[in-house]
Amino acid sequence: MSALTFGAGIWAFGQIVDRYATDGYGPARTMTEMLDLAASVDGLACLDINVPFADGISKASELAGALAERGLRARAITPHLYTREFVKGAFTNPDPAVRRRAAERVHEAVAVARELGADYVKFWPGQDGFDLPGQADYARLWELTVAALRELASAHPDVQFAIEYKAKEPRVRITLADAARTLLAIDESGQPNVGIVMDFGHSLLAGETPAEAVQLVHRRGKLVSVELNDNWRGWDDDLPVASVHLFETIEYLLAVRRIGWSEPVLLDQFPFREDPVRALSQSIQTIRALEEVCDRIDLDALRDAQERQDALAAQALLWSAIGMARAT
């Protein structure tokens with residue numbers, strides 16, 4: 001059995017807002033309160049932390065002490081590049097001054113990542129894209145995206161950057177929408193220190209098969225982080241692990257094993273109506289249970305079934321490992 005370790009986005013423990021409950025789901029929480037909740041999740045070892053920080057902590061040195069006191073560490077630093085300030089884009093904003101502010105936010109995140117010893121700085125350019133036909137010059141959006149990646153990564157050659165692609169939300173169409181497009185942008189940027197955060201739910205939303213996509217990204221040497229959650233494919237619901245797509249999650253975990261992944265698996269969840277500690281604890285318990293399922297799969301038999309493309313035999317092996325015998 002592989003011994004996966006776990007992390008989470010700090011946002012899972014904060015107050016979550018949507019366009020209907022604009023007053024937020026659950027109480028507003030300070031950074032310290034969010035860290036306390038994170039520390040109470042059994043098995044959670046690290047966090048993806050936004051810059052600027054949530055209220056209550058203003059300095060990286062202060063955050064470093066707060067993390068250490070709770071037995072946590074920073075896995076990633078994610079600059080806010082998708083807030084109201086960047087409503088028309090961060091890297092692709094038509095205003096050069098706004099694009100400069102986005103770059104400054106990234107430089108700020110890099111400084112925090114260095115001070116906290118984080119493994120990478122994450123780009124989630126959720127506002128970089130368009131909403132309506134005819135609104136944007138697609139070639140120009142692409143050029144600005146690639147130029148920003150090149151500029152920022154080359155300014156910090158010692159820092160690992162990672163793009164978390166997504167098909168939509170908040171923009172109706174996001175420029176870096178799927179694995180293949182993101183790999184192409186990275187390749188055009190020419191920067192070896194830019195990779196990909198492989199988010200299971202975003203892959204579902206993009207119409208991909210997550211187990212296939214994660215192996216493609218790994219094959220290109222660009223896999224920086226692995227994230228798990230779930231959704232109904234129509235929206236980025238950020239639900240608990242395997243709450244909808246059981247077989248796809250098992251297949252994803254098998255793929256993660258196959259490539260020899262040994263870094264933490266991060267939980268990118270938004271428990272709107274659920275207790276965040278319970279929601280994330282359940283995901284970790286589910287992953288551990290599915291790891292045991294993976295242990296029971298006869299991999300030689302599965303490979304044989306796959307070589308023959310015998311779908312029913314492969315399904316029977318998965319059902320058997322779950323503990324439910326099915327006749328082929």
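Judged purely by atom type and a 3.5 angstrom limit, S281 has no side-chain atom pairing as donor or acceptor with the backbone of R278. The backbone N or O of L239 lies less than 3.5 Å from no partner atom in the side chain of D237, so there is not a single donor-acceptor pair. With hydrogens and angles disregarded, a donor-acceptor distance shorter than 3.5 Å links the side chain of E33 to the backbone of T30. S203 places no side-chain N or O within donor-acceptor distance of the main-chain N or O of D199, the cut-off being under 3.5 Å. Side-chain atoms of Q191 come within 3.5 Å of backbone atoms of S189 as a donor-acceptor pair (strictly under, hydrogens ignored). Looking at S154, its side chain does come within 3.5 Å of a backbone N or O of R150 through a donor-acceptor pair. Listed for the N229 side chain is a donor-acceptor partner under 3.5 Å among the backbone atoms of G201. A donor-acceptor contact shorter than 3.5 Å is absent between the side chain of N231 and the backbone of D238. With hydrogens and angles ignored, the 3.5 Å screen pairs a side-chain donor or acceptor of T182 with a backbone N or O of D178. Although no hydrogens or angles enter the test, the distance criterion places a donor-acceptor pair under 3.5 Å between the side chain of S283 and the main chain of V241.
L176 CG to E164 CD: the interatomic distance, rounded to the nearest 0.5 Å, is 11.5 Å. From D268, atom CG reaches atom CD of E227 across 5.0 Å, with rounding to the nearest 0.5 Å. Here the straight-line distance linking atom OG1 of T175 with atom NZ of K166 works out to 14.0 Å at 0.5 Å rounding. To the nearest 0.5 Å, the span separating CD1 on I163 from CZ on R181 amounts to 13.0 Å. Once rounded to the nearest 0.5 Å, the distance linking CD of E251 with CG of L246 reads 11.5 Å. To the nearest 0.5 Å, the span separating CD on Q127 from CG on L81 amounts to 10.0 Å.
Using a 4.5 Å heavy-atom cutoff, the side chains of L254 and L302 are in contact. With a 4.5 Å cut-off on side-chain heavy atoms, P271 and I16 count as touching. A heavy-atom distance below 4.5 Å is found between the side chains of L4 and I287. Counting heavy atoms from C-beta on, the side chains of I250 and I297 come closer than 4.5 Å. Put simply, the side chain of H218 does not reach to within 4.5 Å of the side chain of W261, judged on heavy atoms. By the 4.5 Å heavy-atom criterion applied to side chains, F6 and L266 are not counted as neighbours. Between R303 and D300, the closest side-chain pair of non-hydrogen atoms falls below 4.5 Å. Looking only at side-chain heavy atoms (C-beta outward), L183 and D187 stay at 4.5 Å or farther from each other.
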Run T5 and V265 through side-chain contact (heavy atoms from CB on, under 4.5 Å) and show every step you take. CA-CA 6 Å; T5 57; V265 170; over 6 Å; no

Should D119 and R73 be marked as a salt bridge (charged side-chain N to carboxylate O under 4.0 Å, His left out) after you check the CA-CA gap, both sets of side-chain angles, and the distance that decides it? CA-CA 10 Å; D119 300 318; R73 72 175 184 90; 3.1 Å; yes

Start with the C-alpha distance between E85 and R105, add both sets of side-chain angles, then the distance that settles salt bridge (charged side-chain N to carboxylate O under 4.0 Å, His left out), and finish with yes or no. CA-CA 11 Å; E85 179 181 5; R105 179 66 52 79; 3.5 Å; yes

Please test D48 against K122 for salt bridge (charged side-chain N to carboxylate O under 4.0 Å, His left out), starting from the C-alpha separation and ending with a verdict. CA-CA 9 Å; D48 183 341; K122 185 172 80 180; 2.9 Å; yes

Run the side-chain contact (heavy atoms from CB on, under 4.5 Å) test on L228 and L253 for me, step by step, so that the C-alpha distance in whole Å, both residues' side-chain angles and the decisive distance to 0.1 Å come before the verdict. CA-CA 10 Å; L228 261 172; L253 289 171; 4.0 Å; yes

I would like to know whether R75 and L47 meet side-chain contact (heavy atoms from CB on, under 4.5 Å); could you show each step before the answer? CA-CA 5 Å; R75 165 73 169 145; L47 293 168; over 6 Å; no

In sequence, state the C-alpha distance, the side-chain angles, and the governing distance for R99 and E151, and then conclude on salt bridge (charged side-chain N to carboxylate O under 4.0 Å, His left out). CA-CA 12 Å; R99 295 201 299 271; E151 174 190 339; over 6 Å; no

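In plain terms, the two heavy atoms of G89 and V98 that are nearest each other are O-CG1, 4.0 Å. Of all non-hydrogen atoms in Q15 and P27, the two that sit nearest each other are CB-O, 3.5 Å. For the residue pair I77 and P79, the shortest heavy atom distance occurs at O-CD, 3.6 Å. Summarising the geometry of G126 relative to P170, their closest heavy-atom pair is O-CD, 3.2 Å, with the distance given to 0.1 Å. Of all the heavy atoms in F13 and L280, the pair that sits closest is CZ-CD2, 3.7 Å. When all heavy atoms of E208 and A213 are compared, the closest pair comes out as OE1-CB, 3.6 Å.
If you chain together hydrophobic residues whose side chains sit under 4.5 Å apart, L216 and Y252 fall into the same group. Linking ILVMFWY residues whenever their side-chain heavy atoms come closer than 4.5 Å, directly or via other members, places L184 and L223 in the same cluster. Hydrophobic clustering (ILVMFWY, side-chain heavy atoms < 4.5 Å, transitive): L144 and Y138 are in distinct clusters. Side-chain heavy atoms closer than 4.5 Å link hydrophobic residues (I, L, V, M, F, W, Y) into clusters, and following such links, even through other members, never connects V197 to L267. Linking ILVMFWY side-chain heavy atoms closer than 4.5 Å, directly or via other members, places W232 and F270 in two distinct hydrophobic clusters.
Aromatic rings from F91 and F123 are positioned such that their centres are separated by under 6.0 Å.
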Distance-only donor-acceptor hits, side chain of residues 50-60, under 3.5 Å, sequence neighbours excluded:
{"unit_1": "N50", "atom_1": "ND2", "unit_2": "T78", "atom_2": "O", "d": "3.4"}
{"unit_1": "N50", "atom_1": "ND2", "unit_2": "Y82", "atom_2": "OH", "d": "3.0"}

Show the atom names and distances, to 0.1 Å, of all donor-acceptor pairs under 3.5 Å that link a side chain in residues 34-44 to residues at least two apart or in another chain.
{"unit_1": "D36", "atom_1": "OD1", "unit_2": "R70", "atom_2": "NE", "d": "2.7"}
{"unit_1": "D36", "atom_1": "OD1", "unit_2": "R70", "atom_2": "NH2", "d": "3.0"}
{"unit_1": "S40", "atom_1": "OG", "unit_2": "L37", "atom_2": "O", "d": "2.6"}

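Between W124 and H202, the ring planes are tilted. Angles from 30° to 60° get that label.
Taking the side-chain contact (heavy atoms from CB on, under 4.5 Å) definition, one finds that V224 meets it with Y120, Q160, A162, sequence neighbours left out.
For E291 and R257, the salt-bridge test passes: some basic side-chain N is under 4.0 Å from an acidic carboxylate O.
Within a 6.0 Å sphere centred on CZ of R296, heavy atoms belonging to other residues, nucleotides or ligands number more than 12. Within 6.0 Å of atom CZ in R173, 12 or fewer heavy atoms from other residues, nucleotides or ligands are found, so the atom counts as exposed in its surroundings. Counting non-hydrogen atoms of neighbouring residues, nucleotides and ligands closer than 6.0 angstrom, the CZ atom of R233 exceeds 12 such neighbours. Within 6.0 Å of the CZ atom in R84, the count of heavy atoms belonging to other residues, nucleotides or ligands does not exceed 12.
Exactly one residue among D128, T92, D131 makes a side chain to side chain donor-acceptor pair (under 3.5 Å) with R171. That residue is D131.
For D18 and Y25, the side-chain atoms include at least one donor-acceptor pair closer than 3.5 Å. W11 and Q269 form no side-chain donor-acceptor contact under 3.5 Å, judged by distance and modelled atom types alone.
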